Undergrad: 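Below is the structure I would like to discuss, written out as structure tokens.
Below, each value reflects all heavy atoms present in this structure, side chains not excepted, and no hydrogens, waters or symmetry copies. Here, residue 1 is the first one in the sequence, and each next residue gets the next number. This is a predicted model, so every value here is computed, not measured.
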Amino acid sequence: MQMEMNTRTIAILEIDGESYQVDGCYQGQQRKAQWYNVVKSSDRSVQVEHLDEFPSHQQIRDLLN
């Protein structure tokens with residue numbers, strides 16, 4: 001039996017004049033996210049997928065450059 005993945009918005013971060021949404025991906029009823037995705041708020045494009053830990057502002061800057 002396969003568990004359903006749920007995605008929830010955890011934070012909106014303002015980085016260098018752009019807003020980024022950090023989503024946590026959860027399996028079933030787990031309370032800890034399996035991974036995190038970073039989505040650019042203005043156009044809803046996924047910028048980074050499957051991060052193992054919640055990203056800091058600097059980590060997002062480094063990943064986007």
Undergrad: How long is the gap from OH on Y20 to CD1 on I12, to the nearest 0.5 Å?
TA: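 That separation rounds to 12.5 Å.
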
Undergrad: Check A33 against G24 and note the closest heavy-atom contact, atom names and distance.
TA: CB-CA, 4.1 Å

Undergrad: So, using side chain to side chain contact (heavy atoms under 4.5 Å, CB included) as the criterion, who are the partners of R44 when residues are at least two apart?
TA: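 Side chain to side chain contact (heavy atoms under 4.5 Å, CB included) check on R44 returns Q21, V39.
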
Undergrad: How many angstroms lie between atom CD1 of I15 and atom CD of Q58, to the nearest 0.5 angstrom?
TA: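 Rounded to the nearest 0.5 Å, the CD1-CD separation comes to 9.0 Å.
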
Undergrad: Can you tell me how far CD1 of I60 sits from CG of D16, rounded to the nearest 0.5 angstrom?
TA: 10.5 Å

Undergrad: Could you work out, with ring-ring contact (aromatic ring centres under 6.0 Å, His included) as the rule, every residue matching Y36, not counting sequence neighbours?
TA: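 With neighbours one apart ignored, the set is F54.
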
Undergrad: What about W35 and I10, same hydrophobic cluster or not, with Ile/Leu/Val/Met/Phe/Trp/Tyr joined at side-chain heavy-atom distances under 4.5 Å?
TA: no

Undergrad: Quick one: OG1 on T9 to CG on N37, what's the gap to the nearest 0.5 Å?
TA: 10.5 Å

Undergrad: Look at the side chain of N6 and the backbone N and O of Q27, then say whether any donor-acceptor pair between them is shorter than 3.5 Å.
TA: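 Flag not set: sc N6 to bb Q27 has no pair under 3.5 Å.
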
Undergrad: With hydrophobic residues grouped by side-chain heavy-atom distances under 4.5 Å, do V46 and V38 end up in a single group?
TA: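 No; V38 is not reachable from V46 via cluster members.
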
Undergrad: Starting at CD of E49, measure out to CG of L63 and round the result to the nearest 0.5 Å.
TA: 12.5 Å

Undergrad: Using a 6.0 Å cut-off, check whether atom CD of Q29 has over 12 heavy atoms from anything other than its own residue.
TA: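 Count not over threshold, so no.
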
Undergrad: Kindly compute the distance separating CG (L13) from NE2 (H57), expressed to the nearest 0.5 Å.
TA: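 Here the interatomic distance stands at 4.5 Å.
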
Undergrad: Please check if the number of heavy atoms outside D52 that lie under 6.0 Å from its CG is greater than 12.
TA: no

